[in-house]
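Note: hydrogens, waters and symmetry copies are ignored here, and every other heavy atom, side chains too, is used. Residue numbering restarts at 1 for every chain, and letters A, B, ... go by the order of the sequence lines.
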Amino acid sequence: MADEKSLNFLEEIVEADLKEGKHTRIATRFPPEPNGYLHLGHAKSICLNFGLALKYGGSTNLRFDDTNPVTEETEYVESIKDDVRWLGFNWANELYASDYFPQLYEFAILLIKKGLAYVDDSTSEEIASQKGTPTRPGVANTFRSRTIEENLALFMSMKDGKYKDGEKVLRAKIDMAHVNMLMRDPVIYRIKHAHHHRTRDAWCIYPMYDFAHGQSDSIEKITHSICTLEFVPHRELYDWCIENLAIYPSRQYEFARLNMTYTMMSKRKLLQLVTENHVTGWDDPRMPTLSGVRRRGYTPESIREFCDKIGIAKRENLIDIGLLEFCVREHLNKISLRRMAVLDPIKVVITNYPEGKTELLPSENNPEDETAGSRELPFGREVFIEADDFMEVPAKKYFRLAPGQMVRLKSAYIIKCEAVIKNDEGKVTELHCAYVPESKSGSDTSGIQVKGVIHWVSATHALEIEVRLYDRLFVTEDMNRIEDDFKNHLNPESLKVLSKVYAEPSLKNSKESEHFQFMRTGYFYKDKESTSTKLIFNRTVTLKDMWAKEAKRG
RNA sequence: UGUCCUAUGGUGUAAUGGUAACACUGCAGAUUUUGAUUCUGCCUUUCUAGGUUCGAAUCCUAGUAGGACAACCA
């Protein structure tokens with residue numbers, strides 16, 4: 001009976017807060033900085049934040065943390081909105097930290113008036129060196145003792161553009177000897193004469209993260225502000241701001257970010273892959289970005305299931321990318337339409353099949369879904385089969401085609417290999433087979449039992465398509481552990497293009513909403529670069545292949 | 001030679017002082033007109049040492065290991 005799923009530590013906190021009456025409703029937020037595309041790590045955060053609000057009857061804001069104009073762009077804003085929607089979540093309000101610039105400025109003035117902030121003329125190097133180290137306290141400089149009036153005048157001049165970038169900063173006046181480095185008079189405003197994607201040139205001073213994030217949460221009355229572990233030391237400063245500004249007490253909680261094997265989840269490095277053309281763009285199907293996995297053929301359902309399965313905790317983790325693949329296979333198995341495509345062809349001539357004859361053979365679209373119906377496959381005297389499905393000298397336990405051996409062509413007939421045709425170099429170019437007329441699928445009276453069933457495509461009806469096979473982007477399992485340039489770890493075989501693949505003609509009219517399983521080879525999804533004359537399919541993920549494992553074993 | 005966070009099978013995540021479990025992976029088998037799917041079974045787990053307790057993965061202390069912190073990034 002105890003079938004209810006156990007709670008993660010954040011759900012426990014929320015339930016306790018609700019139960020104790022600390023809150024009557026909860027409010028969360030997803031706060032991306034619009035300086036890159038969203039990736040799977042963000043998906044974990046999105047599912048958490050939106051999921052919590054959904055589960056406990058609250059709301060979630062989408063808030064862009066746009067306090068650094070030099071790295072942020074509208075293109076990123078749009079992509080982020082697309083990705084969140086695609087994942088299946090609706091935000092209560094679309095907000096921007098930059099909306100709060102006037103309010104944040106007032107907060108800074110208030111701090112100065114309380115004697116809790118001062119203008120510092122030091123260079124960033126000087127500030128850094130005066131800060132001390134984690135084991136040695138920092139030291140105060142002379143600017144720290146400026147009067148309130150002087151600080152007020154100076155800060156207003158900063159806002160009015162009287163100084164150049166870097167000439168002055170506003171710092172919170174806390175404790176230069178604090179054990180937490182972040183409390184040693186952190187910079188809270190800096191001068192940047194830069195064009196902001198939303199406020200344009202209205203401001204030349206911009207608040208730092210620590211002076212914007214908590215206050216933004218507070219303004220929005222966020223009850224549970226959830227972020228990743230690296231912000232743990234910031235919590236003290238987060239609380240300090242709220243307390244000294246005497247504003248709504250949002251609370252920050254931290255969870256461990258997602259790390260995945262053979263994957264790099266750093267926006268900065270992903271950007272580098274894009275700008276240096278190691279991939280074709282943010283939505284390259286090899287990228288761990290949401291736009292990348294979407295283009296590759298992942299479904300939002302499978303990503304959400306993945307996020308649910310990995311759980312939420314506070315310890316560092318490295319998730320096997322195999323779990324992601326399991327989740328997408330699980331979903332795609334249920335919804336994908338079965339099709340046949342021969343990636344590496346070998347021609348088969350069915351010698352006893354009448355020349356010029358064509359039959360239309362029905363084949364189910366999805367054995368997992370009776371309502372998916374069936375389509376008809378043209379069958380003729382010449383078909384292509386996969387080169388892998390023939391072995392001149394069969395390995396043990398190999399039950400596909402071999403000289404003198406029989407296999408079934410899926411949804412068609414049983415054939416027997418009678419002759420192997422080779423070229424001058426001894427390479428097999430063609431197989432001559434005989435079919436068993438009474439073995440037709442659905443009306444088999446032959447009584448023959450064959451173990452092997454292989455896919456095929458009629459040579460005269462084949463549709464030529466391009467297929468792109470993807471493999472992991474990196475060859476190293478734990479990309480957080482490397483010490484050299486991460487680009488040294490790129491997988492040179494992460495993309496293999498097969499420009500001439502034979503596919504059944506029904507693929508011609510595939511829709512964007514359709515995911516396919518090319519039988520026995522994997523799941524595929526039509527790429528956006530397809531044209532009416534050239535269809536391109538991305539391999540989302542392979543099928544599990546026990547035989548490949550068996551064959552490797554020898 | 002600091003402060004903070006963390007420690008459960010190979011990988012994740014549960015067990016909230018009372019029989020260590022679930023998923024993935026791996027291995028074995030059954031079914032199968034996809035060597036897929038499905039089904040069955042198996043392997044493997046509480047960092048160490050003390051303490052509290054009738055009883056500790058859980059509480060306490062110390063140690064060990066890993067991570068975070070010295071951006072005018074977020």
Subject >> Residue mapping more 5' on RNA chain B - nearest nucleotide basis, A/Thr521 or A/Ala256 >> reply: A/Ala256
Original post:
Given that A/Glu125 and A/Pro367 both sit by RNA chain B, which one's nearest nucleotide is further toward the 5' end?
Top reply: A/Pro367
Subject >> Short N-O contact, A/Arg198 and A/Asp99, less than 4.0 angstrom >> reply: yes
Looking at [X], I'd like to know whether one of its side-chain N or O atoms comes within less than 4.0 Å of OP1 or OP2 on [N].
X	N	value
A/Arg329	B/rU37	no
A/Arg315	B/rU8	yes
A/Arg481	B/rG67	yes

**OP:** Would you kindly check whether a donor in the side chain of A/Thr135 faces an acceptor in the base of B/rU1, or vice versa, at under 3.5 angstrom?
**Re:** no
**OP:** Spell out, as yes or no, whether a donor-acceptor pair under 3.5 Å connects the side chain of A/Asp545 to the backbone of A/Ala548.
**Re:** yes
Subject >> Distance in Å, A/Glu15 CD paired with A/Leu52 CG, rounded so as to fall on 0.5 Å steps >> reply: 9.5 Å
Subject >> Spacing of CG belonging to A/Asp344 relative to CG belonging to A/Asp389, to within rounding of 0.5 Å >> reply: 10.0 Å
Between [M] and [N], how far apart are the [atom1] atoms? Round to whole Å, please.
N	M	atom1	value
B/rC59	B/rC73	P	41 Å
B/rA15	B/rG2	C1'	36 Å
B/rC43	B/rC5	P	39 Å
B/rG50	B/rG55	P	15 Å
B/rU8	B/rU48	C1'	15 Å
B/rA49	B/rA57	P	13 Å

Please work out if [X] contacts a base, only the sugar-phosphate, or nothing of the nucleic acid, heavy-atom cut-off 4.0 Å.
X	answer
A/Tyr209	base
A/Lys410	base
A/Asp545	sugar-phosphate
A/Leu182	nothing
A/His213	nothing
A/Thr228	nothing
A/Thr71	nothing
A/Met519	base
A/Gln517	base

**OP:** Check the distance between B/rA23's C1' and A/Asn317's CG and give it to me in whole angstrom.
**Re:** 15 Å
